Amino acid sequence: MQGGIRFNSIGSELRKQFGRRTVKLSIDAGFTCPNRDGTCGYGGCAFCSGDGSGELASHIESDSLMLRQSVSESISEQISLLSDKWPDAAYIAYFQSHTNTYAPVPVLRRLYYEALDDPRISGIAIATRPDCLGPEVLDLLEEVNRDHFMWVELGLQTIHPDTSEAMGIGYTLDVYDRAVNDLISRGIRVVTHLILGLPGETQDMMLESVRYVCSQPIYGIKLHLMNVVKTSRLSEIMPDYVPFASIEDYVSLVIRCLEIIPENITIHRLTGDVPRRLLIAPEWSYRKRTILNMINSELARMDTHQGAALRSDPAL
Ligand code: SF4
């Protein structure tokens, strides 16, 4: 990588795309999740906080399509809060909470376009499960993608079937593969979520997951630090589980991950993001800025960067 840049952050990529700072607005459009409502399972993934990883989104009720705020209201409220700090920013509407393709297509269409019709919105990001991308949903996404900047986020978390089953994720790797193929063949950018530190996984297993997802032409990757949160099933079944012994251990693993991620893949996340009030372990996880600073310092100290190991060992 050039100019002292050590990884291809989505922030830099969006600045290139839109010519200015670009901020994601977290939208909770009131979706639920098939792994909670009984369609696929009850109780959700063991690590799920219950609000679908949308702690920072701006609504409360999440069991139905009943909203405290409309999509438009949520966008306006967040922009008014951010505009003093970043008056010239571009905005991406990020449908974050729960499964954002899990509703009848006319409902999805209305919600997505409610965001996209706002002239302040430059693009859309949609987080979902790979098993919620039927043909009609894919047609809608393809249509949206034709005229708007868009990516779709898939929560894979791990490629290892035993972990996936133990965590109750509810779909298999071939479902993820099919979703990636369906989206990419329609020209849609894919961002894959992995969790580092799932119970029972060694660092080699986590690296295998990274290698696997990066062997496909995805647009981006999110590496989540495993957080045990108070409202998760994991906090009941494994109350003493601590994913990493120290920040240093975590930082060292993230560096190894970055070194095997091709340079063209955008990096969307390298930590977790859980409010301190919900966090059980690791207790240092809420220190997001510290973790990111340590990752940057360690990359500089080691004089390494994203994709560095791929140059030295093409087999990786
Ligand atoms: S798929 Fe997402 S929202 Fe649904 S239970 Fe799992 S983590 Fe929670």
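The structure presented is a predicted model; accordingly, all values stated were derived computationally and were not measured. Numbering starts at 1 and runs along the sequence shown. Counting starts at 1 for both ligands and their atoms, following the listed order. Reckoned from all heavy atoms, side chains included, excluding hydrogens, waters and symmetry mates.
Residue-environment remark: CD (Q216) exceeds the threshold of 12 foreign heavy atoms within 6.0 Å. Within 6.0 Å of CD in E136 there are 12 or fewer heavy atoms belonging to other residues, nucleotides or ligands.
Using modelled atom types, no side-chain atom of T271 and backbone atom of K288 make a donor-acceptor pair closer than 3.5 Å.
Counting backbone and side-chain atoms alike, C33 contributes an N/O/S atom closer than 2.8 Å to atom 4 (Fe) of ligand 1. Contact annotation: H98 places no N, O or S atom under 2.8 Å from atom 8 (Fe) of ligand 1.
Numbered from 1 in the order shown, with element, the atoms of ligand 1 that lie under 4.0 Å from a heavy atom of C45 read 1 (S), 5 (S), 6 (Fe), 7 (S). For ligand 1, the atoms closer than 4.0 angstrom to any heavy atom of R129 are 1 (S). Taking every non-hydrogen atom of G44 and a distance limit under 4.0 Å, the qualifying atoms of ligand 1 come out as 5 (S).
The CD1 atom of I27 sits 4.5 Å away from the CD1 atom of I75 when rounded to the nearest 0.5 Å.
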Quiz item: Would D118 and Y91 count as a side-chain hydrogen bond (donor to acceptor under 3.5 Å, both in side chains) if you check the C-alpha gap in whole Å, the side-chain angles of each, and the deciding distance to 0.1 Å?
Solution: CA-CA 10 Å; D118 186 319; Y91 295 102; over 6 Å; no
